[in-house]
Amino acid sequence: QVQLVESGGGLVQPGGSLRLSCAASGSIGSINVMGWHRQAPGKQRELVAGITSGGSTSYADSVKGRFTISRDNAKNTVYLQMNSLKPEDTAVYYCNVIPVGIRNGYWGQGTQVTVSS
């Protein structure tokens with residue numbers, strides 16, 4: 001079974017930085033898109049950043065200029081460098097991996113990011 005393991009979450013002060021990682025293992029096949037979503041209590045899950053197999057990236061307007069998504073195709077790993085963190089960035093962050101030819105893909109277990117006021 002495909003497994004996605006996330007790490008890197010934690011508690012930081014406003015203006016601080018964190019680096020999230022998500023490693024996929026198992027019979028996942030060729031990966032098309034990798035990305036990060038986040039969900040705060042009582043809110044819908046939202047897309048934060050995505051990256052294609054060719055390295056094209058996209059970001060939510062709220063994180064542009066502060067977050068950077070990258071991937072290591074050989075390791076089936078996606079990263080999210082988070083700088084200049086704000087209290088409104090507080091959420092559970094989930095990685096998402098979509099293999100070629102599959103609509104929904106797989107989700108990580110989630111990692112908590114808390115930015116104090």
Side-chain angles (χ1 to χ4, degrees):
Q1 191 172 19
V2 174
Q3 296 179 350
L4 273 60
V5 179
E6 299 183 29
S7 62
L11 173 64
V12 297
Q13 297 291 319
S17 298
L18 287 173
R19 184 177 185 244
L20 308 182
S21 65
C22 175
S25 63
S27 300
I28 197 170
S30 298
I31 298 175
N32 185 9
V33 178
M34 307 180 78
W36 291 93
H37 300 242
R38 66 186 181 186
Q39 187 170 24
K43 298 182 179 180
Q44 295 183 10
R45 187 172 299 184
E46 64 175 349
L47 175 66
V48 176
I51 184 168
T52 69
S53 60
S56 180
T57 60
S58 62
Y59 299 91
D61 289 340
S62 59
V63 306
K64 287 181 180 178
R66 300 188 298 118
F67 292 8
T68 302
I69 188 171
S70 61
R71 63 190 285 175
D72 186 332
N73 292 329
K75 296 180 179 179
N76 286 339
T77 300
V78 61
Y79 306 92
L80 186 67
Q81 179 66 47
M82 310 165 67
N83 298 326
S84 302
L85 283 163
K86 304 175 180 179
E88 51 263 43
D89 295 319
T90 296
V92 177
Y93 284 70
Y94 299 89
C95 67
N96 179 232
V97 177
I98 305 176
V100 173
I102 298 179
R103 286 188 175 91
N104 296 327
Y106 303 94
W107 293 91
Q109 81 279 8
T111 184
Q112 177 70 48
V113 172
T114 302
V115 185
S116 64
S117 301

Is it the case that the side chain of [X] and the backbone of [Y] share a donor-acceptor pair, with hydrogens and angles ignored and the cut-off at 3.5 Å?
| X | Y | value |
| --- | --- | --- |
| Q109 | E6 | yes |
| T90 | V115 | yes |
| D72 | V78 | no |

Can you tell me how far the [atom1] atom of [X] sits from the [atom2] atom of [Y], to the nearest 0.5 Å?
| X | Y | atom1 | atom2 | value |
| --- | --- | --- | --- | --- |
| R71 | N76 | CZ | CG | 8.0 Å |
| T52 | I98 | OG1 | CD1 | 11.5 Å |
| K86 | S117 | NZ | OG | 13.5 Å |
| I51 | S58 | CD1 | OG | 9.0 Å |
| C22 | L80 | SG | CG | 11.0 Å |

Quiz item: Should we count CD of E88 as having more than 12 external heavy atoms under 6.0 Å?
Solution: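 Yes, because the 6.0 Å sphere around CD of E88 holds more than 12 heavy atoms from other groups.
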Exercise. Only one of F67, Y79, Y93 passes side-chain contact (heavy atoms from CB on, under 4.5 Å) with L20; say which it is.
Key: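 That would be Y93; it is the only one of F67, Y79, Y93 passing the side-chain contact (heavy atoms from CB on, under 4.5 Å) with L20.
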Quiz item: Do you know which of V48, T111, L47 makes side-chain contact (heavy atoms from CB on, under 4.5 Å) with R38?
Solution: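 Considering V48, T111, L47, a side-chain contact (heavy atoms from CB on, under 4.5 Å) with R38 is found only for V48.
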Exercise. Look at the aromatic rings of W107 and H37 and report parallel, tilted or perpendicular, splitting at 30° and 60°.
Key: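 Perpendicular, since the angle between the ring planes exceeds 60°.
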Practice problem: Output, in order, the C-alpha distance, side-chain angles, deciding distance and verdict of side-chain contact (heavy atoms from CB on, under 4.5 Å) for S17 and Q81. | Solution: CA-CA 8 Å; S17 298; Q81 179 66 47; 4.1 Å; yes
Quiz item: Between V63 and W36, is there a shared hydrophobic cluster once you connect ILVMFWY residues whose side-chain heavy atoms come closer than 4.5 Å?
Solution: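 Yes; W36 is reachable from V63 via cluster members.
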Quiz item: Under a single-linkage definition using a 4.5 Å side-chain heavy-atom cutoff for Ile, Leu, Val, Met, Phe, Trp and Tyr, are Y59 and L18 assigned to the same hydrophobic cluster?
Solution: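 Yes, Y59 and L18 fall within the same hydrophobic cluster.
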Quiz item: Any salt bridge between D61 and K64, counting N to O under 4.0 Å?
Solution: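 Here D61 pairs with K64 in a salt bridge, since their nearest N and O are under 4.0 Å apart.
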Self-check item: Sub-4.5 Å side-chain heavy-atom contact between S116 and P87
Solution: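 A side-chain contact under 4.5 Å is absent here.
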Quiz item: Which pair of heavy atoms, one from V113 and one from M82, lies closest together, and at what distance?
Solution: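 V113 and M82 have their closest heavy atoms at CG1-CE, 4.1 Å.
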Quiz item: If every non-hydrogen atom of V92 is compared with every non-hydrogen atom of G110, which pair is closest and at what distance?
Solution: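 Answer, listing the atom of V92 first, then G110: CG1-CA, 3.8 Å.
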Exercise. Could you please spell out the steps behind the side-chain contact (heavy atoms from CB on, under 4.5 Å) verdict for Y94 and N96?
Key: CA-CA 7 Å; Y94 299 89; N96 179 232; over 6 Å; no
